[in-house]
Amino acid sequence: MPSPSRGSPITPTFSVGARRGSLRRLLPWVARHKGWVGYSLLAFAGARLLEASVPLFLAEAIDLLAAGNWDVRGPVLGIAGAVLARLFVVSSARVAIRRAAVNVAFDLRRALFDRLQRQGLAFFGRHTVGDMMTRAVSDIGVVRRLVSVGTIFLVILTYATTIGFAAMFYLAPELAWMVFPPLPVIAVYALFAARSMRAASEATQATLGHVTERAQETFGGIRTLQAMAREPFVEARFREANDAYRAAFLHQARINSLMTAIMPSLAAVGTLIVLGYGGALVQAGALTPGKLVAFFAYVAMVIQPMRSAGTLVNMVQRGRVSAERLFDILDLPDEIDDQGARGGESGSAAPPVAGALAFQNVTARYGATRAAALSNLTLHIKPGEVIAIMGPVGAGKSTLLALLPRLLDPDGGQLTLDDTPLPAWSLGALRRAIALVPQDAFLFADDLGANLSYDDPEREEALILDAAEAAAFRQTVDRLPDGLDTRVGERGLTLSGGQRQRATLTRGLVRQAPVLLLDDCFAAVDTHTEAQILDGLFKARAGKTTLFVTHRSATAQRADRIIVLEDGLLTAAGTHEKLLAQGGWYARLAKRQGTA
């Protein structure tokens, strides 16, 4: 692994699937909650009208007092009523729009989670967990804030400007025209600032993804880095990512600070013009003092949201970038197409699965190089047959197993289960029929029982313990302080490597699937324990199809047949004795391991 170069920036990478119209594409998601949104828009309009009535009552009161009439009860009651009504309307409007925003975030997060679950090995080979976490948490949070706070800013700006200018033209048309000169300058600056803010927001979100990625990778591999004394190295990598995020965030903050400082200054020019020209109109008797005060209130109504225009521009650009990042994932097609009907959704009406498997000229490619992991593989496996899969590292053994539950689809050829092509099965039915125990012995941060019976939390404890017995794991369970209720920690860190492998093997056996695939699940156990496991495995799997990857010829010779893969090609198949007689890779391995 290369050492980090200090001071070198992390270059963010972006996909371009949703670069255009991302904010417009949010509208259907918001429209799902149009009741709350519609009410908030109407309520905010009502609040602005109530707010606009206050200066008119104030103007009436000032003109009455200027004329020597001290009976201003009517205007005072009008102001009090408008203020109280506005308080209720604004409060309910803010609750409504925030409820809509939370619902939009909920829908997006659920859709994103669903889309990620429908991707296969190739997708997760291209994208990091940290980046996906940033999109699911930070980017959706930015969109939620845009829908709630951004909508509030936008409707206030729109309503306040429209109603404010209408009231100004009603009171003094000639004075109202004096407010317009700064507006084109504000608009041009806002457009320029928006472009800068968008680029800064893209860099900020991308570098935040790198920080999350570094943290997730570090804590996920904490045992390895501590054992190898690599704390200084990972600290330097995290510092590099963190420095890049800090620099990107501060650049975005500088742009935002400049906007929030310049916008009010430009808007204040209109106030100065009104003050000079409006004072002259009062002195000439063309405008009453009360109307001038009311006019200033309407100018404030228009200028106040303009002061926040910089914040709105920042929010919109951040929301656009986050929406683009979300739609980059939501727009992806399902990597594994689930159009099959055999077995149905629940599988209850599916006929029994015998477990016959067939590969017909199967070729599979994945990874950045798209090199063939398997080439023109043809193989037939009878129901109930036990097959050992062997070969050197990189021969395609794990790829062969991944094809069967359709974690990966082939680039050519056809696979069948009980003479039915795999795509004709629904994914749910196929994956209930085929249980895969992967090479990575992964356990969730839950109690042990929930891990062992992950597919069925209601399964009887006796069945779980029987499977643990077959996997030579029962004694370990009995020695744990809380048995099946013992918490195993993140990724099962409280268990040893061998215990984790036997736990995941138990999880595969307890399903009693017609087809069981074991991807090198004995590597972390000693030969004595492996022999125990094999005895329990063959007893529990009698009459059921089982395929297992192994690097030990002593283990392989207990299978009905052994197949040998080399560079993605099937080079030999048969019993232990037959392969010894043929010579080749297997015979050489058996000789080295003392089983020839």
Side-chain angles (χ1 to χ4, degrees), residues 23-24 26-60 75-105 143-173 175-177 179-180 183 186-187 190 263-264 267 270-271 274 291 293-316 319:
L23 289 182
R24 287 195 299 272
L26 281 176
L27 293 179
W29 297 82
V30 176
R32 297 180 185 182
H33 311 285
K34 57 187 176 184
W36 294 110
V37 176
Y39 171 77
S40 67
L41 295 179
L42 291 174
F44 278 122
R48 297 284 76 76
L49 290 172
L50 290 168
E51 183 181 343
S53 68
V54 172
L56 294 178
F57 288 123
L58 182 61
E60 181 182 354
V76 169
L77 290 175
I79 292 174
V83 169
L84 290 175
R86 180 185 178 278
L87 176 63
F88 169 77
V89 172
V90 168
S91 298
S92 63
R94 287 178 180 267
V95 169
I97 194 61
R98 284 190 166 94
R99 182 184 291 271
V102 169
N103 289 337
V104 169
V143 170
R144 176 188 56 77
R145 181 169 171 80
L146 173 64
V147 174
S148 59
V149 182
T151 299
I152 293 173
F153 272 119
L154 182 61
V155 297
I156 289 177
L157 177 62
T158 302
Y159 290 154
T161 303
T162 303
I163 296 172
F165 273 117
M168 282 189 278
F169 276 101
Y170 170 74
L171 289 174
L175 187 58
W177 287 110
V179 182
F180 277 93
L183 297 185
I186 293 175
M263 289 293 195
T271 305
V274 170
K291 287 185 177 181
V293 172
F295 195 94
F296 266 111
Y298 291 125
V299 171
M301 180 186 292
V302 171
I303 288 180
Q304 182 57 40
M306 289 185 181
R307 293 176 182 273
S308 304
T311 302
L312 178 60
V313 169
N314 176 33
M315 199 174 300
V316 168

J.: Minimum heavy-atom separation for G319 and L23, please, with both atom names.
T.: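 Result for this residue pair: C-CD2, 4.2 Å.
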J.: Return yes when atom OH of Y39 has more than 12 non-hydrogen atoms of other residues, nucleotides or ligands closer than 6.0 Å, and no otherwise.
T.: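 Yes, OH of Y39 has more than 12 neighbouring heavy atoms, counting only those of other groups under 6.0 Å.
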J.: Give the minimum heavy-atom separation between A297 and P55, together with the two atoms involved.
T.: CB-CG, 3.6 Å
J.: Indicate every side-chain donor-acceptor pair of residues 26-34 with a distance under 3.5 Å to a residue at least two apart or in another chain.
T.:
residue	atom	partner	partner atom	Å
H33	NE2	D107	OD2	2.8

J.: A52: which residues meet the side chain to side chain contact (heavy atoms under 4.5 Å, CB included) condition with it, sequence neighbours left out?
T.: I163, Y298, M301
J.: Can you list the steps and then say if W36 with I97 is a side-chain contact (heavy atoms from CB on, under 4.5 Å)?
T.: CA-CA 6 Å; W36 294 110; I97 194 61; over 6 Å; no
J.: With sequence neighbours excluded, what pairs up with A59 under the side chain to side chain contact (heavy atoms under 4.5 Å, CB included) test?
T.: A294
J.: To the nearest 0.5 Å, how far apart are CG in L56 and CD1 in I79?
T.: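 With rounding to 0.5 Å, CG (L56) is 10.0 Å from CD1 (I79).
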J.: For F88, give me all partners under side chain to side chain contact (heavy atoms under 4.5 Å, CB included), at least two apart in sequence or on another chain.
T.: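 With sequence neighbours excluded, F88 shows a side chain to side chain contact (heavy atoms under 4.5 Å, CB included) to no residue whatsoever.
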J.: Do the side chain of S92 and the main chain of V89 share a donor and acceptor less than 3.5 angstrom apart?
T.: yes
J.: For residues 148-158, dump all side-chain donor-acceptor pairs below 3.5 Å to protein atoms at least two apart in sequence or in another chain.
T.:
residue	atom	partner	partner atom	Å
S148	OG	R144	O	3.0
S148	OG	R145	O	3.3
T151	OG1	V147	O	2.4
T158	OG1	L154	O	2.9

J.: Which pairs would a plain distance check flag for residues 41-51, meaning a side-chain donor or acceptor within less than 3.5 Å of a matching protein atom at least two apart in sequence or in another chain?
T.:
residue	atom	partner	partner atom	Å
R48	NE	E51	OE1	2.9
R48	NH2	E51	OE1	2.6

